[in-house]
Amino acid sequence: MSKASVSGRQDHEMHSYSLPTSPAGRWLAAPSRETPPEIRAALVGTLFGTLPIFFGGVFNTIAVAAVLAYRHPTLPFLLWLVLEIAVGVARLAAFLVSRRRAAQGRATPTDLYLMLAPLWGSAVGYGGFISATSGDWVAATLAFLSAAAMVGGICFRNFAAPRLVVVMIVCSLGPCSAGALLSGEPVFLLVLLQFPFYLFSMNVAARRLNAMLISTMKAEREYSHRARHDPLTGLLNREGLFQALEGLGAAPTGADMKLLYLDLDGFKAVNDAHGHEIGDMLLMQVAARLRALAGPRALVARMGGDEFVVIDEIADDDPAQEHLAEAIAGSIRSPFLLPQGATVTVGASVGVAKVSRDGTDIDAALRQADTAMYGVKRTRGRSRASQ
């Protein structure tokens, strides 16, 4: 199953819930507009929140079914009570299992959880139908009020999935409307008029809330990206590098992490000779070369100015450690073709240090690599920029 971390400050939103995989589950959970996968996962995650509404709804429907089963101890009403209890227990179990598995980083039964929601709505609708056709005004009124009260909770708990809201309302109020039509009581025909208004208004509300939530999530995502990335090169910045190291530290692998610290030899001469615009373009091309040379799991960051960091999983005895440093230096030495007919050549001095996977010694590793880098400069001398 596709998984993505869920944003937000509530505890459940820090977990990762599986996106639905069945056609019905994907259709029910579809947002009101096109959204990136990580935001879709975040929307799914909100369906597992709002515990008070969840428990309030389950308790309300079971309580109403129990009261009316006591009032009418017949097979239809007893079946309703059994159905409410069974569906409520199943939903609660799916809810708790999903939260536990999400916290463990395992796949969650999201499809089952989604399918149980319309089933719960159908149980509510069944209760309204048998109450309306029982000839008992008290039972019908209580069942209708309970179903109507659930509509608001359905909308405001599930607006992350507008289609699910519509399906649940149809399942709960549709049978009530059918029961009102068959009851023989003209006053109950008012339910037939209320049903389309409920459906329309809650559908509009769910879609608008869904659109607002998606817009907010996109804005937060963009802000988070800008806060963690260098605006010129698109590489990680210092803060983004630290956060990414924390994520790598959670990965189950024993490989060592090597930090390569480099700066460009002769970059100031390029700026002086060609201007800052050409200098910025040079930095962008350097960033592109570093991304191409680094491994697929490597972290590449611009620390500021003409200083860059590459962190990758390389064992101490792995020849790739020295090879990567040499490859980076050799690649940077190759001429850069820039606009306005400028061809520039710069060098790169690279220092290497070891860093723990959780990034707790990142500052010490940066200082060690920086010292090693300046040692390389003293040994080899600086390159000069040339056209």
Side-chain angles (χ1 to χ4, degrees), residues 1-51 53-54 98-99 102-103 105 107-108 110-111 113-114 117 153-168 201-248 250 284 287-288 291 296-297 299-302:
M1 295 186 180
S2 302
K3 294 178 74 65
S5 60
V6 181
S7 64
R9 297 187 181 274
Q10 298 180 10
D11 58 345
H12 72 277
E13 292 177 340
M14 298 307 295
H15 299 159
S16 179
Y17 292 89
S18 303
L19 290 172
T21 57
S22 68
R26 290 197 300 268
W27 185 85
L28 285 173
S32 60
R33 60 176 65 178
E34 190 67 26
T35 58
E38 59 270 24
I39 292 183
R40 292 194 65 185
L43 293 172
V44 168
T46 64
L47 300 177
F48 292 88
T50 56
L51 283 174
I53 298 178
F54 178 87
S98 296
R99 283 174 63 94
T108 59
T110 303
D111 286 278
Y113 184 74
L114 288 173
I154 288 172
C155 176
F156 292 110
R157 184 174 188 275
N158 301 297
F159 66 83
R163 290 177 179 173
L164 179 62
V165 170
V166 171
V167 170
M168 292 182 69
S201 61
M202 291 298 104
N203 178 41
V204 171
R207 288 187 173 277
R208 288 184 178 178
L209 289 171
N210 182 262
M212 290 174 59
L213 180 60
I214 291 174
S215 297
T216 300
M217 287 181 172
K218 285 183 175 180
E220 290 178 348
R221 178 170 170 258
E222 180 64 22
Y223 176 80
S224 176
H225 183 272
R226 290 180 180 179
R228 293 181 291 108
H229 290 79
D230 172 54
L232 177 64
T233 63
L235 299 178
L236 295 169
N237 58 19
R238 185 182 182 90
E239 180 65 25
L241 179 66
F242 280 43
Q243 292 185 14
L245 269 177
E246 292 178 1
L248 285 179
M284 294 168 65
R291 277 193 294 255
R297 291 178 54 84
L299 304 176
V300 185
R302 181 189 177 202

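- Of the inter-residue distances, the one linking Met212 atom CE with Phe159 atom CZ reads 8.5 Å to the nearest 0.5 angstrom.
- For Ala211, the side chain to side chain contact (heavy atoms under 4.5 Å, CB included) test picks out Ser32, Arg33, with sequence neighbours left out.
- Taking all atoms of both residues into account, the shortest heavy-atom contact from Thr108 to Ala102 is CG2-N, 3.7 Å.
- Rounding to the nearest 0.5 Å gives a distance of 5.0 Å between CG of Leu232 and CZ of Arg302.
- Put simply, the side chain of Asn158 reaches to within 4.5 Å of the side chain of Leu47, judged on heavy atoms.
- To the nearest 0.5 Å, atoms OH (Tyr17) and OG1 (Thr110) are separated by 9.0 Å.
- Tyr113 pairs by the ring-ring contact (aromatic ring centres under 6.0 Å, His included) definition with Phe48, not counting sequence neighbours.
- Summarising the geometry, atom CG belonging to Asp111 is positioned 9.0 Å from atom OG belonging to Ser18; distances are rounded to the nearest 0.5 Å.
- In this structure, the side chains of Val44 and Pro20 come closer than 4.5 Å at one or more pairs of heavy atoms.
- Heavy-atom minimum distance, Ala227 versus Asn237: O-ND2, 2.9 Å.
- The environment of Arg226 atom CZ is sparse: at most 12 non-hydrogen atoms of other residues, nucleotides or ligands sit within 6.0 angstrom.
- With sequence neighbours excluded, the residues that form a salt bridge (Lys or Arg N to Asp or Glu O under 4.0 Å) with Arg221 are Glu38.
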- request: Go through the steps to decide whether Leu43 and Ile214 satisfy the test side-chain contact (heavy atoms from CB on, under 4.5 Å), and finish with yes or no.
  value: CA-CA 8 Å; Leu43 293 172; Ile214 291 174; 4.0 Å; yes

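- The shortest side-chain heavy-atom distance between Asp230 and Leu236 does not fall under the 4.5 Å cut-off.
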Residues Ser224, Arg228; criterion side chain to side chain donor-acceptor pair (under 3.5 Å); working and verdict: CA-CA 6 Å; Ser224 176; Arg228 293 181 291 108; 3.2 Å; yes

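- Put simply, CG on Leu299 and CD on Gln243 are 12.0 Å apart, with the number rounded to the nearest 0.5 Å.
- Evaluation of the side chain to side chain contact (heavy atoms under 4.5 Å, CB included) rule for Val167 yields Trp27, Leu28, Pro118, Cys171 as partners, not counting sequence neighbours.
- Residue Leu114 holds its CG atom at 7.5 Å from OG of Ser22, rounded to the nearest 0.5 Å.
- In this structure, the side chain to side chain contact (heavy atoms under 4.5 Å, CB included) partners of Arg238, at least two apart in sequence or on a different chain, are Phe242, Met303, Asp363, Leu366.
- Counted within 6.0 Å of CD on Glu222, heavy atoms from surrounding residues, nucleotides or ligands total more than 12; the atom is thus considered enclosed.
- A salt bridge (charged side-chain N to carboxylate O under 4.0 Å, His left out) check over residues 205-219, counting only residues at least two apart or in different chains, returns nothing.
- Two residues are said to be in side-chain contact when any heavy atoms from C-beta on lie closer than 4.5 Å; Met217 and Thr46 meet this criterion.
- Side-chain contact check for Arg291 versus Leu235: some heavy-atom pair is nearer than 4.5 Å.
- Looking at Pro31 and Arg40, their side chains come closer than 4.5 Å, going by heavy atoms from C-beta outward.
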